[in-house]
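In what follows, a single structure is set out as structure tokens and then discussed.
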Amino acid sequence: MSNVRVRFAPSPTGDLHIGGVRTALFNWLFAKNKSGRFLLRIEDTDEVRSTEESVQVILDAMQWLGLNWDEGPGKEDPKYLPYYQMKRKEHGIYQKYADKLVAQGSAYCCYCTQKDVDEMRKQAQANKLPPKYSGKCRHLTVEQRKQEEACGKKAVVRFKMPDTGFIILNDLIRGKIEFDNSLLDDFVIVKANGVPTYNFACVIDDYLMEITHVLRGDDHISNTPRQMQIYSALGWEVPKFAHTAMILGHDGTRLSKRHGHTSVLEYRKEGYLQEALINYLALLGWSTENSQQIFKIDELVNKFSVERCGVSPSIFDPEKLLWLNSEKIRSKTSEQIYELFIDWLKYTNNENLIKGWDVELLKKVIALEHDKINLLKDIYDLVDFFFKREVDYKEEAVEKVLLSDKANGTARVVLTESIVRLRNQQDFSAQALEQYSRNLAVEKNIKTGQVFHPIRVAISGRTQGPSLFHMMELMGKEEVVKRIDMAINKFFR
RNA sequence: GCUGCCAUCGUCUAGCGGUUUAGGACACCGCCCUCUCAAGGCGGAGAUCACGGGUUCAAAUCCCGUUGGCAGCGCCA
């Protein structure tokens with residue numbers, strides 16, 4: 001095992017997003033590829049928006065995706081726990097370092113109100129300067145501080161950014177990026193309520209959890225110089241950073257609700273396979289030399305490298321995801337698809353849909369419809385006519401194949417003849433049935449299609465479906481005859 | 001406004017100075033297969049490599065600039 005330690009650190013303020021999954025996936029792949037450890041840390045310092053339910057949803061989603069963590073909630077390592085930031089806060093972890101920074105003069109208490117700060121930012125922006133906090137409270141004397149406290153004001157702790165110099169980030173994906181310190185303001189590291197802010201908690205935890213590599217979206221690039229300054233002030237070694245390009249919606253803007261499904265859960269409900277989502281997301285912002293498209297998870301692990309991550313953002317393409325899903329489904333056995341279908345029904349609370357269905361028959365029908373399944377949710381509509389007592393005759397199909405001028409006469413003859421002859425048909429195998437049908441066509445001097453199609457519609461109610469003769473074989477003589485009879489009664493009486 | 005990132009077919013991408021009349025994949029179109037629908041096979045269309053300058057014998061590939069897009073600029077993460 002290497003010493004590589006990476007983490008996925010979601011904030012539990014909603015469902016797990018496509019973008020979040022991609023970040024988690026890259027971290028997971030990186031860890032597996034390097035025989036390192038993948039940790040899950042819950043960044044719940046947003047007391048207003050963080051929820052218990054959201055934590056559970058994220059945990060469930062990660063599990064479903066197979067992005068299992070080596071350390072994190074439920075898999076605590078005594079050396080690094082706890083894995084929830086609010087719990088870590090209760091342990092005084094952040095306060096300790098905030099105090100240290102204040103004591104050594106790298107941070108200070110600030111009593112400015114939200115309003116004051118807004119005003120300063122507006123002012124700066126009006127002067128075409130970057131919106132910065134002015135540093136007003138930087139040099140408060142002990143006296144002045146006491147005075148502010150006496151007024152009942154609660155202080156935030158601000159980090160003192162150097163006024164000069166540059167900080168250089170050597171990004172594993174993008175190379176060298178330079179930041180001008182003077183453009184950055186003294187950002188808050190501890191809020192008035194004593195809770196650490198993201199940039200601070202993140203650094204403290206990454207250090208204490210001995211994170212070696214930080215892989216995250218490039219929307220975090222601008223946070224990096226701030227975080228690096230904290231590492232530096234504390235005399236800590238900076239981890240390696242790798243900023244991946246973001247995933248955008250069809251209009252090229254940051255993926256959000258208005259782009260349709262953004263939550264993993266929605267994809268699960270739609271009947272996407274976990275491996276299809278993983279495979280697709282791996283393709284967004286990462287590629288191999290030969291542009292391979294379809295990967296097994298192990299292959300992904302073996303071939304992944306940050307060096308081959310792209311720098312330009314990519315647009316999420318639902319169509320390609322769908323294609324990958326159908327590919328993954330096609331690569332499974334019908335037994336496996338059956339299992340997945342059952343799991344999906346359970347997950348969506350639809351088990352009653354197939355109540356009373358013959359499981360063995362279902363598996364065989366799935367095999368027959370195999371390459372038409374794009375999503376697990378497609379299966380029901382593809383197979384239900386096998387199991388229903390009453391055939392649901394589609395109006396269009398009946399009109400076109402049974403009743404139209406073109407079909408008129410022959411459809412009726414074919415069905416009435418078939419009902420008698422099929423009843424006496426000894427061999428009900430697909431092969432024999434095909435022979436029977438072809439013979440009938442020759443005998444009546446009509447095209448094979450004029451035999452096949454009416455029978456298809458009579459027994460299934462639709463014009464589309466699996467191989468007719470295999471369908472008949474599976475249904476069995478009794479059912480086929482019954483259905484043809486039903487059709488005759490319905491349309492030719 | 002400030003700062004940063006990015007720029008190859010509609011989309012995901014290969015490409016790391018000559019092997020490129022720019023390769024693959026999705027989607028699209030056509031043909032074949034065929035009892036329908038799919039799947040599969042074959043083929044097609046689709047990219048003046050954002051633009052403009054350099055560097056070089058040679059540039060999608062290196063450098064500079066321009067434009068455009070996106071992101072960040074919170075006591076959110």
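Below, chain A is the first sequence line, B the second, and so on; all start at residue 1. The basis for the numbers below is simple: all heavy atoms, side chains too, and nothing from hydrogens, waters or symmetry mates.
Ion pairing between A:Lys372 and A:Glu369 holds under the 4.0 Å rule for side-chain N and carboxylate O. By the 4.0 Å N-to-carboxylate-O rule, A:Arg145 lies too far from A:Glu148 to be salt-bridged with it. With salt bridges taken as basic N to acidic carboxylate O contacts below 4.0 Å, one links A:Glu443 and A:Arg421.
The partner of B:G4 is B:C70, by the rule that a Watson-Crick or G-U pair needs both atom distances under 3.5 Å. Base pairing analysis places B:A22 opposite nothing; no Watson-Crick or G-U wobble pair with both distances below 3.5 Å involves it.
Atom CD in A:Gln85 sits roughly 13 Å away from atom P in B:C76 (whole-Å rounding). Here B:C76 presents its C1' atom at 5 Å from CG of A:Asp46, a figure rounded to the nearest Å. For A:Asp219 and B:G72, the CG to P distance is 6 Å, given to the nearest whole Å. In this structure, CD1 of A:Ile247 is placed 11 Å from P of B:C12, rounded to the nearest angstrom. Atom CG in A:Asp118 sits about 9 Å away from atom P in B:G74, given to the nearest Å. Note: CG (A:Asp218) to P (B:C5) measures 10 Å, nearest angstrom. Put simply, CD1 on A:Ile379 is 18 Å from P on B:A38, counting in whole angstrom units.
Checking the phosphate oxygens (OP1, OP2) of B:C35, no side-chain nitrogen or oxygen of A:Thr448 falls inside 4.0 Å. In this model, the phosphate group of B:C75 is approached by a side-chain N or O of A:Arg121 to a distance below 4.0 Å at OP1 or OP2. Taking side-chain N and O atoms only, A:Arg308 has a distance below 4.0 Å to OP1 or OP2 of B:G15. A close approach under 4.0 Å does occur between a side-chain nitrogen or oxygen of A:Arg330 and OP1 or OP2 of B:G40. Between A:Thr45 and B:A77 there is a side-chain N or O to OP1 or OP2 distance below 4.0 Å. For B:A77, the OP1/OP2 oxygens have a side-chain nitrogen or oxygen of A:Lys191 closer than 4.0 Å. A close approach under 4.0 Å does occur between a side-chain nitrogen or oxygen of A:Arg254 and OP1 or OP2 of B:G72.
Nucleic acid contact class of A:Val311 (heavy atoms, under 4.0 Å, all strands): sugar-phosphate only. Across all strands, A:Gln125 comes closer than 4.0 Å to base atoms (heavy-atom distances). Using a 4.0 Å heavy-atom cutoff across all strands shown, A:Gly465 reaches at least one base atom of the nucleic acid. As judged by a 4.0 angstrom heavy-atom cut-off over every strand, A:Thr13 is placed among residues making no nucleic acid contact. As judged by a 4.0 angstrom heavy-atom cut-off over every strand, A:Gly285 is placed among residues touching the sugar-phosphate backbone only. Residue contacts shown for A:Glu327 are limited to sugar-phosphate atoms, with no base heavy atom under 4.0 Å away. A:Arg438 comes within contact range of the sugar-phosphate backbone alone, with a heavy-atom separation under 4.0 Å but no base atom that close. Among the atoms of the strands shown, only primed sugar atoms or phosphate atoms (P, OP1, OP2) are found under 4.0 Å from some heavy atom of A:Ser314. Within 4.0 Å of A:Ser326, counting heavy atoms only, lies no atom of the nucleic acid at all. At the heavy-atom level, A:Pro131 lies under 4.0 Å from base atoms of the strands shown. Among the protein residues, A:Leu468 comes within range of the nucleic acid bases, having at least one heavy atom under 4.0 Å from a base atom. Contact annotation for A:Ser291: base contact, defined as any heavy-atom pair under 4.0 Å involving a base atom.
For the residue pair A:Gln227/A:Asp206, the side-chain donor-acceptor check at 3.5 Å is not satisfied.
Contact of A:Asn223 with B:A77 (side chain to base): a donor-acceptor pair of N or O atoms is detected under 3.5 Å.
The heavy-atom pair separating A:Phe26 from A:Gly285 by the smallest distance is CE2-O, 4.0 Å. Shown here for A:Ile459 and A:Arg483, the closest heavy-atom pair between the two residues is O-NH1, 2.8 Å.
Among the candidates A:Leu277, A:Ile278, A:Asn279, the single residue satisfying the side-chain contact (heavy atoms from CB on, under 4.5 Å) test with A:Lys328 is A:Asn279.
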